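All figures in this text were calculated on a predicted structure; none of them were measured in a lab.
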Amino acid sequence: MSAVSASLERRALSLGTANAIDFALQFLLPMVLTRTLDSHEFGEYRLLWLAVATLMVLAPMNMGPSLYYFLPRVDRPTQRLYINQTMIFLALAGVVSAMAVSAWNPLLPGALHALLEGQGPVIPAFVMLWIFASLLDVLPTAEERVGWQAKVVVGLSAARAVGLSAAALATGELHAVLLTLLAFTLLKVGILLAYVTRHHGLGGPAGSREAFKSQLAQALPFAASGALHGLRMQSDQWIAAALFTVTQFASFSVATVMAPIVQIFRQSVNHVFLPAMSRLQSAGNVGEMLALNSRANCMVALLVFPLLAFAFVFADSVVTLVYTRTYLEGVPVLRLYIVGLIAFVVEVVSILFVLQQGPFAARVNLVVLLFAVPLSWFGAKEFGLAGAALGTVTAVYVERIITLRRIAGLTSTRVAKLQDWASLFGMLAAAMLAAAVAGVALHWSPWSAFARLVAGALVLAATYPLALYVTGQWRHLTAFVGTLTAART
(Lines give C-alpha, C1' and ligand atoms only; values in the text may rest on other atoms or scores of the structure.)
Protein backbone atom coordinates (compact mmCIF):
# COMPACT_ATOMS: atom_id res chain seq x y z
CA MET A 1 0.00 0.00 0.00
CA SER A 2 1.42 3.44 -0.94
CA ALA A 3 2.02 6.16 1.64
CA VAL A 4 -0.60 8.34 -0.07
CA SER A 5 -3.20 5.57 0.07
CA ALA A 6 -2.41 4.85 3.71
CA SER A 7 -2.74 8.54 4.61
CA LEU A 8 -6.06 8.79 2.80
CA GLU A 9 -7.33 5.68 4.58
CA ARG A 10 -6.44 7.17 7.95
CA ARG A 11 -8.32 10.36 7.06
CA ALA A 12 -11.27 8.35 5.79
CA LEU A 13 -11.25 6.33 8.99
CA SER A 14 -11.29 9.51 11.06
CA LEU A 15 -14.22 10.97 9.15
CA GLY A 16 -15.91 7.58 9.01
CA THR A 17 -15.71 7.23 12.77
CA ALA A 18 -17.30 10.65 13.20
CA ASN A 19 -20.05 9.81 10.73
CA ALA A 20 -20.60 6.45 12.43
CA ILE A 21 -21.14 8.28 15.73
CA ASP A 22 -23.53 10.61 13.92
CA PHE A 23 -25.43 7.62 12.54
CA ALA A 24 -25.56 5.92 15.94
CA LEU A 25 -27.02 9.03 17.57
CA GLN A 26 -29.58 9.57 14.80
CA PHE A 27 -30.32 5.83 14.80
CA LEU A 28 -31.19 6.00 18.48
CA LEU A 29 -33.26 9.19 18.17
CA PRO A 30 -36.36 7.31 16.88
CA MET A 31 -36.26 5.26 20.08
CA VAL A 32 -37.36 8.44 21.82
CA LEU A 33 -39.64 9.79 19.11
CA THR A 34 -41.61 6.56 18.60
CA ARG A 35 -42.24 6.39 22.33
CA THR A 36 -43.24 10.03 22.81
CA LEU A 37 -45.10 10.86 19.58
CA ASP A 38 -48.14 8.90 18.47
CA SER A 39 -47.82 6.83 15.28
CA HIS A 40 -49.57 9.48 13.17
CA GLU A 41 -47.25 12.30 14.30
CA PHE A 42 -44.20 10.08 13.84
CA GLY A 43 -45.45 9.33 10.33
CA GLU A 44 -45.73 13.07 9.69
CA TYR A 45 -42.18 13.55 10.99
CA ARG A 46 -40.90 10.91 8.58
CA LEU A 47 -42.92 12.43 5.75
CA LEU A 48 -41.31 15.81 6.43
CA TRP A 49 -37.84 14.30 6.14
CA LEU A 50 -38.83 12.61 2.89
CA ALA A 51 -39.83 16.01 1.52
CA VAL A 52 -36.56 17.55 2.75
CA ALA A 53 -34.55 14.70 1.22
CA THR A 54 -36.30 15.24 -2.10
CA LEU A 55 -35.51 18.96 -2.03
CA MET A 56 -31.89 18.19 -1.14
CA VAL A 57 -31.43 16.19 -4.34
CA LEU A 58 -33.06 18.93 -6.42
CA ALA A 59 -32.36 22.40 -5.07
CA PRO A 60 -28.57 22.49 -4.32
CA MET A 61 -27.83 21.25 -7.86
CA ASN A 62 -24.51 19.68 -6.78
CA MET A 63 -22.89 23.09 -6.32
CA GLY A 64 -21.40 22.15 -2.94
CA PRO A 65 -19.85 18.84 -4.07
CA SER A 66 -18.51 20.53 -7.21
CA LEU A 67 -15.97 22.17 -4.90
CA TYR A 68 -14.22 18.80 -4.66
CA TYR A 69 -13.31 19.28 -8.30
CA PHE A 70 -12.32 22.96 -8.23
CA LEU A 71 -10.70 23.69 -4.85
CA PRO A 72 -7.76 21.24 -5.21
CA ARG A 73 -6.93 22.79 -8.62
CA VAL A 74 -6.95 26.57 -7.91
CA ASP A 75 -5.14 29.14 -5.74
CA ARG A 76 -6.51 30.67 -2.52
CA PRO A 77 -8.16 33.81 -4.00
CA THR A 78 -9.92 31.70 -6.62
CA GLN A 79 -11.04 29.27 -3.91
CA ARG A 80 -12.81 32.13 -2.14
CA LEU A 81 -14.52 33.06 -5.41
CA TYR A 82 -15.92 29.56 -5.87
CA ILE A 83 -17.00 29.35 -2.22
CA ASN A 84 -18.75 32.74 -2.35
CA GLN A 85 -20.76 31.95 -5.44
CA THR A 86 -21.68 28.55 -3.98
CA MET A 87 -22.98 30.21 -0.82
CA ILE A 88 -25.05 32.69 -2.82
CA PHE A 89 -26.47 29.91 -4.97
CA LEU A 90 -27.42 27.81 -1.94
CA ALA A 91 -29.05 30.79 -0.23
CA LEU A 92 -31.26 31.34 -3.28
CA ALA A 93 -31.95 27.61 -3.52
CA GLY A 94 -33.03 27.69 0.12
CA VAL A 95 -35.54 30.46 -0.55
CA VAL A 96 -37.03 28.57 -3.50
CA SER A 97 -37.21 25.37 -1.41
CA ALA A 98 -38.98 27.21 1.40
CA MET A 99 -41.60 28.39 -1.06
CA ALA A 100 -42.00 24.83 -2.35
CA VAL A 101 -42.95 23.56 1.11
CA SER A 102 -45.25 26.43 1.97
CA ALA A 103 -48.91 25.66 2.60
CA TRP A 104 -49.93 27.61 -0.50
CA ASN A 105 -48.32 25.03 -2.81
CA PRO A 106 -51.30 23.10 -4.25
CA LEU A 107 -49.09 20.30 -5.60
CA LEU A 108 -48.13 18.97 -2.18
CA PRO A 109 -49.63 15.63 -1.07
CA GLY A 110 -52.60 15.94 1.25
CA ALA A 111 -50.81 14.55 4.31
CA LEU A 112 -47.89 16.94 3.90
CA HIS A 113 -50.20 19.87 3.26
CA ALA A 114 -52.05 19.13 6.51
CA LEU A 115 -48.74 19.04 8.38
CA LEU A 116 -47.65 22.41 6.98
CA GLU A 117 -50.95 24.06 7.87
CA GLY A 118 -50.54 22.94 11.46
CA GLN A 119 -46.94 24.14 11.87
CA GLY A 120 -47.03 27.67 10.43
CA PRO A 121 -43.75 29.12 9.12
CA VAL A 122 -41.51 26.72 11.09
CA ILE A 123 -41.08 24.17 8.30
CA PRO A 124 -40.36 26.64 5.44
CA ALA A 125 -37.80 28.44 7.63
CA PHE A 126 -36.14 25.16 8.57
CA VAL A 127 -35.96 24.00 4.95
CA MET A 128 -34.47 27.31 3.77
CA LEU A 129 -31.69 27.20 6.36
CA TRP A 130 -31.08 23.47 5.96
CA ILE A 131 -30.35 23.86 2.25
CA PHE A 132 -27.89 26.68 2.89
CA ALA A 133 -26.18 24.93 5.81
CA SER A 134 -25.57 21.80 3.72
CA LEU A 135 -22.36 23.45 2.49
CA LEU A 136 -20.84 22.70 5.90
CA ASP A 137 -21.11 18.98 5.10
CA VAL A 138 -18.63 19.21 2.23
CA LEU A 139 -16.52 22.39 2.37
CA PRO A 140 -13.99 21.51 5.12
CA THR A 141 -13.29 18.08 3.59
CA ALA A 142 -13.00 19.54 0.10
CA GLU A 143 -10.20 21.65 1.60
CA GLU A 144 -8.80 18.49 3.26
CA ARG A 145 -9.46 19.66 6.82
CA VAL A 146 -10.72 16.23 7.73
CA GLY A 147 -10.00 16.44 11.46
CA TRP A 148 -11.98 19.67 11.79
CA GLN A 149 -14.86 18.19 9.81
CA ALA A 150 -14.94 15.09 12.02
CA LYS A 151 -15.18 17.16 15.21
CA VAL A 152 -18.01 19.27 13.81
CA VAL A 153 -19.93 16.19 12.65
CA VAL A 154 -19.82 14.66 16.13
CA GLY A 155 -20.62 17.91 17.92
CA LEU A 156 -23.58 18.80 15.73
CA SER A 157 -24.91 15.25 15.82
CA ALA A 158 -24.86 15.21 19.61
CA ALA A 159 -26.56 18.60 19.79
CA ARG A 160 -29.29 17.49 17.39
CA ALA A 161 -29.97 14.16 19.09
CA VAL A 162 -30.01 15.59 22.61
CA GLY A 163 -32.06 18.63 21.65
CA LEU A 164 -34.76 16.76 19.75
CA SER A 165 -34.96 14.03 22.39
CA ALA A 166 -35.32 16.58 25.17
CA ALA A 167 -38.07 18.42 23.30
CA ALA A 168 -39.96 15.19 22.63
CA LEU A 169 -39.64 13.94 26.21
CA ALA A 170 -40.63 17.29 27.73
CA THR A 171 -43.68 17.94 25.56
CA GLY A 172 -44.63 14.85 23.56
CA GLU A 173 -45.54 17.20 20.71
CA LEU A 174 -44.27 17.32 17.15
CA HIS A 175 -44.38 21.14 17.08
CA ALA A 176 -41.79 21.39 19.87
CA VAL A 177 -39.55 18.91 18.06
CA LEU A 178 -39.71 20.97 14.87
CA LEU A 179 -38.93 24.22 16.72
CA THR A 180 -35.85 22.55 18.19
CA LEU A 181 -34.85 21.34 14.74
CA LEU A 182 -35.07 24.93 13.47
CA ALA A 183 -32.85 26.14 16.32
CA PHE A 184 -30.31 23.40 15.53
CA THR A 185 -30.20 24.45 11.88
CA LEU A 186 -29.51 28.06 12.91
CA LEU A 187 -26.55 26.76 14.92
CA LYS A 188 -25.24 24.91 11.87
CA VAL A 189 -25.54 28.05 9.73
CA GLY A 190 -23.58 30.00 12.35
CA ILE A 191 -20.75 27.45 12.34
CA LEU A 192 -20.60 27.53 8.53
CA LEU A 193 -20.31 31.31 8.47
CA ALA A 194 -17.67 31.24 11.21
CA TYR A 195 -15.63 28.68 9.25
CA VAL A 196 -15.75 30.67 6.02
CA THR A 197 -14.90 33.90 7.85
CA ARG A 198 -11.88 32.34 9.52
CA HIS A 199 -10.37 30.59 6.51
CA HIS A 200 -11.47 32.77 3.60
CA GLY A 201 -13.15 35.91 4.86
CA LEU A 202 -16.59 37.14 3.86
CA GLY A 203 -15.36 39.68 1.34
CA GLY A 204 -15.58 39.67 -2.43
CA PRO A 205 -15.51 38.79 -5.15
CA ALA A 206 -19.06 37.48 -4.91
CA GLY A 207 -18.78 35.70 -8.22
CA SER A 208 -17.45 35.67 -11.73
CA ARG A 209 -19.43 34.95 -14.86
CA GLU A 210 -16.77 32.69 -16.31
CA ALA A 211 -16.10 30.90 -13.02
CA PHE A 212 -19.81 30.44 -12.40
CA LYS A 213 -20.34 29.06 -15.90
CA SER A 214 -17.44 26.68 -15.35
CA GLN A 215 -18.82 25.55 -12.01
CA LEU A 216 -22.30 25.08 -13.45
CA ALA A 217 -20.88 23.12 -16.37
CA GLN A 218 -19.26 20.71 -13.92
CA ALA A 219 -22.13 20.63 -11.43
CA LEU A 220 -25.27 20.54 -13.57
CA PRO A 221 -24.80 17.17 -15.29
CA PHE A 222 -24.13 15.52 -11.94
CA ALA A 223 -26.95 17.52 -10.38
CA ALA A 224 -29.30 16.08 -12.98
CA SER A 225 -27.88 12.62 -12.46
CA GLY A 226 -28.05 12.96 -8.68
CA ALA A 227 -31.59 14.31 -8.83
CA LEU A 228 -32.75 11.44 -11.00
CA HIS A 229 -30.93 8.96 -8.78
CA GLY A 230 -32.37 10.53 -5.63
CA LEU A 231 -35.88 10.60 -7.04
CA ARG A 232 -35.47 6.96 -8.03
CA MET A 233 -34.38 6.03 -4.50
CA GLN A 234 -37.24 8.04 -2.97
CA SER A 235 -39.95 7.18 -5.48
CA ASP A 236 -40.97 4.06 -3.61
CA GLN A 237 -41.46 6.09 -0.43
CA TRP A 238 -43.66 8.58 -2.27
CA ILE A 239 -45.61 5.66 -3.71
CA ALA A 240 -46.03 4.22 -0.21
CA ALA A 241 -47.12 7.65 1.05
CA ALA A 242 -49.68 7.91 -1.75
CA LEU A 243 -51.13 4.40 -1.54
CA PHE A 244 -51.02 3.64 2.18
CA THR A 245 -51.92 5.40 5.42
CA VAL A 246 -49.54 7.74 7.24
CA THR A 247 -48.94 5.05 9.87
CA GLN A 248 -48.19 2.42 7.20
CA PHE A 249 -45.87 4.89 5.50
CA ALA A 250 -44.05 5.25 8.82
CA SER A 251 -43.54 1.46 8.86
CA PHE A 252 -42.26 1.58 5.28
CA SER A 253 -39.92 4.48 6.00
CA VAL A 254 -38.26 2.79 8.96
CA ALA A 255 -37.05 0.13 6.52
CA THR A 256 -34.62 2.72 5.15
CA VAL A 257 -32.77 2.65 8.47
CA MET A 258 -29.76 0.81 7.00
CA ALA A 259 -29.29 3.07 3.99
CA PRO A 260 -27.45 5.75 6.01
CA ILE A 261 -24.88 3.15 7.09
CA VAL A 262 -23.69 2.64 3.55
CA GLN A 263 -24.00 6.37 2.87
CA ILE A 264 -21.91 7.21 5.94
CA PHE A 265 -19.01 5.01 4.95
CA ARG A 266 -19.32 5.91 1.29
CA GLN A 267 -19.31 9.65 1.95
CA SER A 268 -16.48 9.40 4.48
CA VAL A 269 -14.28 7.56 1.99
CA ASN A 270 -15.34 9.56 -1.08
CA HIS A 271 -14.90 12.93 0.58
CA VAL A 272 -11.35 12.01 1.51
CA PHE A 273 -10.36 10.18 -1.69
CA LEU A 274 -12.01 12.53 -4.22
CA PRO A 275 -9.44 15.37 -4.07
CA ALA A 276 -6.63 12.84 -4.62
CA MET A 277 -8.57 11.13 -7.43
CA SER A 278 -9.15 14.51 -9.05
CA ARG A 279 -5.44 15.34 -8.96
CA LEU A 280 -4.47 11.92 -10.35
CA GLN A 281 -6.94 12.19 -13.22
CA SER A 282 -5.82 15.72 -14.08
CA ALA A 283 -2.24 14.43 -14.23
CA GLY A 284 -3.26 11.57 -16.52
CA ASN A 285 -2.75 8.79 -13.94
CA VAL A 286 -6.00 6.97 -14.69
CA GLY A 287 -4.71 3.61 -13.49
CA GLU A 288 -3.79 4.97 -10.08
CA MET A 289 -7.16 6.74 -9.86
CA LEU A 290 -8.98 3.44 -10.51
CA ALA A 291 -6.79 1.68 -7.98
CA LEU A 292 -7.71 4.25 -5.32
CA ASN A 293 -11.40 3.73 -6.03
CA SER A 294 -11.04 -0.04 -5.83
CA ARG A 295 -9.13 0.19 -2.57
CA ALA A 296 -11.79 2.50 -1.13
CA ASN A 297 -14.57 0.08 -2.06
CA CYS A 298 -12.77 -2.83 -0.40
CA MET A 299 -12.31 -0.75 2.74
CA VAL A 300 -16.02 0.04 2.83
CA ALA A 301 -17.00 -3.57 2.09
CA LEU A 302 -14.94 -4.90 4.99
CA LEU A 303 -16.99 -2.81 7.43
CA VAL A 304 -20.39 -2.57 5.75
CA PHE A 305 -21.03 -6.14 4.60
CA PRO A 306 -21.16 -7.61 8.14
CA LEU A 307 -23.48 -4.81 9.28
CA LEU A 308 -25.86 -5.43 6.39
CA ALA A 309 -25.79 -9.21 6.90
CA PHE A 310 -26.43 -8.77 10.62
CA ALA A 311 -29.37 -6.43 9.97
CA PHE A 312 -30.86 -8.87 7.46
CA VAL A 313 -30.80 -11.77 9.93
CA PHE A 314 -31.95 -9.74 12.94
CA ALA A 315 -34.30 -7.33 11.12
CA ASP A 316 -37.27 -7.99 13.41
CA SER A 317 -35.20 -7.29 16.54
CA VAL A 318 -33.76 -4.09 15.03
CA VAL A 319 -37.19 -2.70 14.21
CA THR A 320 -38.65 -3.75 17.56
CA LEU A 321 -35.84 -2.20 19.57
CA VAL A 322 -35.62 1.10 17.72
CA TYR A 323 -39.17 1.69 16.52
CA THR A 324 -41.29 -0.68 18.71
CA ARG A 325 -43.44 -3.56 17.48
CA THR A 326 -45.94 -1.07 16.04
CA TYR A 327 -43.73 -0.80 12.94
CA LEU A 328 -42.91 -4.50 12.36
CA GLU A 329 -44.74 -4.32 9.04
CA GLY A 330 -41.55 -2.74 7.71
CA VAL A 331 -39.37 -5.84 8.32
CA PRO A 332 -39.83 -7.42 4.84
CA VAL A 333 -39.15 -4.03 3.27
CA LEU A 334 -35.96 -3.69 5.31
CA ARG A 335 -34.66 -7.07 4.12
CA LEU A 336 -35.41 -6.21 0.52
CA TYR A 337 -33.60 -2.89 0.83
CA ILE A 338 -30.55 -4.63 2.28
CA VAL A 339 -30.28 -6.74 -0.86
CA GLY A 340 -30.13 -3.50 -2.84
CA LEU A 341 -27.65 -1.85 -0.49
CA ILE A 342 -25.07 -4.56 -1.17
CA ALA A 343 -24.60 -3.10 -4.65
CA PHE A 344 -24.00 0.39 -3.23
CA VAL A 345 -20.72 -0.78 -1.75
CA VAL A 346 -19.34 -0.77 -5.30
CA GLU A 347 -19.18 3.01 -5.67
CA VAL A 348 -18.38 4.29 -9.17
CA VAL A 349 -19.97 7.76 -9.25
CA SER A 350 -16.69 9.33 -8.10
CA ILE A 351 -15.00 7.92 -11.21
CA LEU A 352 -17.69 9.37 -13.45
CA PHE A 353 -17.29 12.66 -11.58
CA VAL A 354 -13.58 13.09 -12.23
CA LEU A 355 -14.02 11.83 -15.81
CA GLN A 356 -16.71 14.51 -16.29
CA GLN A 357 -19.32 11.96 -17.32
CA GLY A 358 -22.27 13.82 -15.81
CA PRO A 359 -24.42 13.76 -18.97
CA PHE A 360 -24.03 9.99 -19.24
CA ALA A 361 -24.90 9.52 -15.56
CA ALA A 362 -27.99 11.67 -16.00
CA ARG A 363 -29.18 9.63 -19.00
CA VAL A 364 -28.69 6.35 -17.17
CA ASN A 365 -30.55 7.55 -14.10
CA LEU A 366 -33.42 8.85 -16.24
CA VAL A 367 -33.82 5.50 -17.97
CA VAL A 368 -33.61 3.61 -14.69
CA LEU A 369 -36.08 6.00 -13.01
CA LEU A 370 -38.61 5.42 -15.78
CA PHE A 371 -38.15 1.70 -15.23
CA ALA A 372 -38.21 1.75 -11.41
CA VAL A 373 -41.33 3.84 -10.76
CA PRO A 374 -43.89 1.69 -12.60
CA LEU A 375 -42.28 -1.47 -11.19
CA SER A 376 -42.62 -0.12 -7.62
CA TRP A 377 -46.21 0.98 -8.30
CA PHE A 378 -47.04 -2.47 -9.65
CA GLY A 379 -45.29 -4.12 -6.70
CA ALA A 380 -47.21 -2.01 -4.18
CA LYS A 381 -50.53 -2.84 -5.83
CA GLU A 382 -49.82 -6.56 -6.17
CA PHE A 383 -47.69 -7.37 -3.12
CA GLY A 384 -48.46 -4.66 -0.60
CA LEU A 385 -46.03 -2.55 1.39
CA ALA A 386 -42.90 -4.56 0.60
CA GLY A 387 -43.69 -4.57 -3.12
CA ALA A 388 -43.28 -0.80 -3.26
CA ALA A 389 -39.51 -1.27 -2.85
CA LEU A 390 -39.23 -3.69 -5.77
CA GLY A 391 -38.45 -1.12 -8.46
CA THR A 392 -35.77 0.68 -6.45
CA VAL A 393 -33.88 -2.48 -5.56
CA THR A 394 -33.96 -3.85 -9.10
CA ALA A 395 -32.87 -0.52 -10.54
CA VAL A 396 -29.77 -0.38 -8.35
CA TYR A 397 -28.26 -3.41 -10.04
CA VAL A 398 -29.26 -2.33 -13.54
CA GLU A 399 -27.61 1.07 -13.04
CA ARG A 400 -24.39 -0.41 -11.63
CA ILE A 401 -23.99 -2.83 -14.56
CA ILE A 402 -24.49 -0.09 -17.16
CA THR A 403 -22.10 2.30 -15.39
CA LEU A 404 -19.32 -0.25 -14.97
CA ARG A 405 -19.44 -1.04 -18.69
CA ARG A 406 -19.19 2.67 -19.50
CA ILE A 407 -16.17 3.20 -17.25
CA ALA A 408 -14.50 0.14 -18.73
CA GLY A 409 -14.85 1.62 -22.20
CA LEU A 410 -13.60 5.07 -21.19
CA THR A 411 -10.52 3.79 -19.37
CA SER A 412 -9.74 0.85 -21.67
CA THR A 413 -9.98 -1.41 -18.65
CA ARG A 414 -11.93 -4.64 -18.53
CA VAL A 415 -14.84 -4.72 -16.07
CA ALA A 416 -13.12 -7.63 -14.35
CA LYS A 417 -10.18 -5.32 -13.57
CA LEU A 418 -12.10 -2.24 -12.44
CA GLN A 419 -12.62 -3.63 -8.95
CA ASP A 420 -11.08 -6.31 -6.78
CA TRP A 421 -14.10 -8.53 -7.32
CA ALA A 422 -12.58 -11.59 -5.67
CA SER A 423 -12.06 -9.66 -2.45
CA LEU A 424 -15.51 -8.07 -2.56
CA PHE A 425 -17.30 -11.39 -3.06
CA GLY A 426 -15.06 -13.06 -0.48
CA MET A 427 -15.88 -10.43 2.15
CA LEU A 428 -19.58 -10.69 1.33
CA ALA A 429 -19.45 -14.46 1.74
CA ALA A 430 -17.63 -14.06 5.06
CA ALA A 431 -20.23 -11.60 6.32
CA MET A 432 -23.11 -13.85 5.29
CA LEU A 433 -21.46 -16.84 6.96
CA ALA A 434 -20.85 -14.99 10.23
CA ALA A 435 -24.39 -13.57 10.31
CA ALA A 436 -25.87 -16.99 9.58
CA VAL A 437 -23.94 -18.51 12.48
CA ALA A 438 -25.23 -15.75 14.78
CA GLY A 439 -28.79 -16.24 13.53
CA VAL A 440 -28.74 -20.01 14.02
CA ALA A 441 -27.18 -19.69 17.48
CA LEU A 442 -29.94 -17.35 18.67
CA HIS A 443 -32.86 -18.59 16.58
CA TRP A 444 -34.65 -20.23 19.50
CA SER A 445 -33.72 -17.56 22.03
CA PRO A 446 -36.66 -16.19 24.08
CA TRP A 447 -34.64 -13.08 24.95
CA SER A 448 -35.72 -9.48 24.41
CA ALA A 449 -34.83 -7.64 21.22
CA PHE A 450 -31.97 -5.81 22.93
CA ALA A 451 -30.47 -8.99 24.40
CA ARG A 452 -30.72 -10.82 21.06
CA LEU A 453 -29.02 -7.97 19.23
CA VAL A 454 -26.18 -7.74 21.75
CA ALA A 455 -25.64 -11.51 21.77
CA GLY A 456 -25.90 -11.67 17.98
CA ALA A 457 -23.38 -8.85 17.57
CA LEU A 458 -20.92 -10.62 19.87
CA VAL A 459 -21.26 -13.89 17.95
CA LEU A 460 -20.81 -12.10 14.62
CA ALA A 461 -17.79 -10.16 15.91
CA ALA A 462 -16.18 -13.42 17.01
CA THR A 463 -16.93 -15.36 13.83
CA TYR A 464 -16.39 -12.70 11.15
CA PRO A 465 -12.56 -12.72 11.40
CA LEU A 466 -12.61 -16.52 11.17
CA ALA A 467 -14.94 -16.32 8.17
CA LEU A 468 -12.58 -13.84 6.51
CA TYR A 469 -9.75 -16.31 7.01
CA VAL A 470 -11.81 -19.15 5.54
CA THR A 471 -12.73 -17.08 2.46
CA GLY A 472 -9.15 -15.91 1.94
CA GLN A 473 -9.72 -12.27 2.92
CA TRP A 474 -7.67 -12.17 6.12
CA ARG A 475 -5.19 -9.70 4.59
CA HIS A 476 -7.87 -7.01 4.38
CA LEU A 477 -8.54 -7.29 8.10
CA THR A 478 -4.84 -7.08 8.99
CA ALA A 479 -4.42 -4.09 6.68
CA PHE A 480 -7.37 -2.36 8.34
CA VAL A 481 -5.95 -3.05 11.81
CA GLY A 482 -2.65 -1.61 10.62
CA THR A 483 -4.48 1.54 9.49
CA LEU A 484 -6.15 1.79 12.89
CA THR A 485 -2.81 1.44 14.66
CA ALA A 486 -1.18 4.05 12.47
CA ALA A 487 -4.09 6.46 13.04
CA ARG A 488 -3.53 6.30 16.80
CA THR A 489 0.21 6.98 16.65
Main-chain N/O of Met31 paired with Arg35 side-chain donor or acceptor, under 3.5 Å: yes

Rounded distance [0.5 Å steps], OH in Tyr323 versus OG1 in Thr34: 8.5 Å

Donor-acceptor pair between Thr86 and Gln215 side chains, under 3.5 angstrom: yes

Pairwise distance CG(Leu336) to CG(Leu341) - rounded to 0.5 angstrom: 10.0 Å

Aromatic ring pairing Tyr195/Trp148, orientation class (parallel under 30°, perpendicular over 60°, tilted between): tilted

Residues Met87, Leu135; criterion side chain to side chain contact (heavy atoms under 4.5 Å, CB included); working and verdict: CA-CA 8 Å; Met87 291 176 66; Leu135 183 59; 3.4 Å; yes

Point-to-point distance, once rounded to the nearest 0.5 Å, from CG of Leu453 to OG of Ser448: 8.5 Å

Side-chain donor/acceptor of Gln149 to backbone N/O of Thr141, under 3.5 Å: yes

Side chain to side chain contact (heavy atoms under 4.5 Å, CB included) assessment of Thr463 paired with Leu433: CA-CA 8 Å; Thr463 55; Leu433 177 60; over 6 Å; no

Donor-acceptor contact below 3.5 Å, side chain Thr394 vs main chain Gly391: no

Closest non-hydrogen atom pair, Val396 against Gly340: CG1-O, 3.6 Å

Between Ser253 and Trp49, a side-chain donor and acceptor under 3.5 Å: no

Aromatic ring pairing Phe126/Trp130, orientation class (parallel under 30°, perpendicular over 60°, tilted between): tilted

Min side-chain heavy-atom separation Tyr327-Val322 under 4.5 Å: no

Considering all heavy atoms, the nearest Leu29-Ser165 contact: CD1-OG, 3.2 Å

Nearest-0.5 Å distance that lies between atom CG in Asn62 and atom CG in Leu67: 9.5 Å

Any donor-acceptor N or O pair under 3.5 Å, side chains Asp22, Ser157: yes

Contact summary for Leu308 and Ile338, nearest pair of heavy atoms: O-CG2, 3.6 Å

For Ser134 against Met56, the heavy-atom pair lying closest together: CB-CE, 3.6 Å

Sub-4.5 Å side-chain heavy-atom contact between Val96 and Ile131: no

Glu41 vs Asp38 side-chain heavy atoms within contact, under 4.5 Å: yes

Shortest non-hydrogen contact between Gln248 and Phe244, atoms and distance: OE1-CB, 3.3 Å

Side-chain (Arg325) to main-chain (Thr320) donor-acceptor, under 3.5 angstrom: no

N/O donor-acceptor pair under 3.5 Å between Glu399 side chain and Val368 backbone: no

Step-by-step side chain to side chain contact (heavy atoms under 4.5 Å, CB included) determination, Lys188 to Asp137: CA-CA 10 Å; Lys188 189 174 180 180; Asp137 300 330; 3.0 Å; yes

Side chains of Ile88 and Phe212 in contact at under 4.5 Å (non-hydrogen atoms): no

Side chain to side chain, His200 and Arg76, heavy atoms closer than 4.5 Å: yes

Polar side-chain atom of Arg400 near backbone of Val346 as donor-acceptor pair, under 3.5 Å: yes

Minimum side-chain heavy-atom gap Leu178-Leu174 below 4.5 Å: yes

Heavy-atom check, side chain of Asn365 versus side chain of Leu231, under 4.5 Å: no

Chi angles and distances behind the side chain to side chain contact (heavy atoms under 4.5 Å, CB included) call for Val318, Val331: CA-CA 9 Å; Val318 171; Val331 168; over 6 Å; no

Note, Leu47 side chain near Val246 side chain (heavy atom, < 4.5 Å): no

Check: Gln237 side chain, Ala388 main-chain N or O, donor-acceptor pair, under 3.5 Å: no

Gap separating the CG atom of Leu164 from the CG atom of Leu25, nearest 0.5 angstrom: 11.5 Å

Closest non-hydrogen atom pair, Tyr464 against Ala301: OH-O, 4.3 Å

Gap separating the CD atom of Glu44 from the OG atom of Ser39, nearest 0.5 angstrom: 10.5 Å

Polar side-chain atom of Arg46 near backbone of Ala250 as donor-acceptor pair, under 3.5 Å: no

Check: Ser66/Gln218 side-chain N/O donor and acceptor closer than 3.5 Å: no

Over 12 non-hydrogen atoms of neighbours within 6.0 angstrom of CZ in Phe450: no

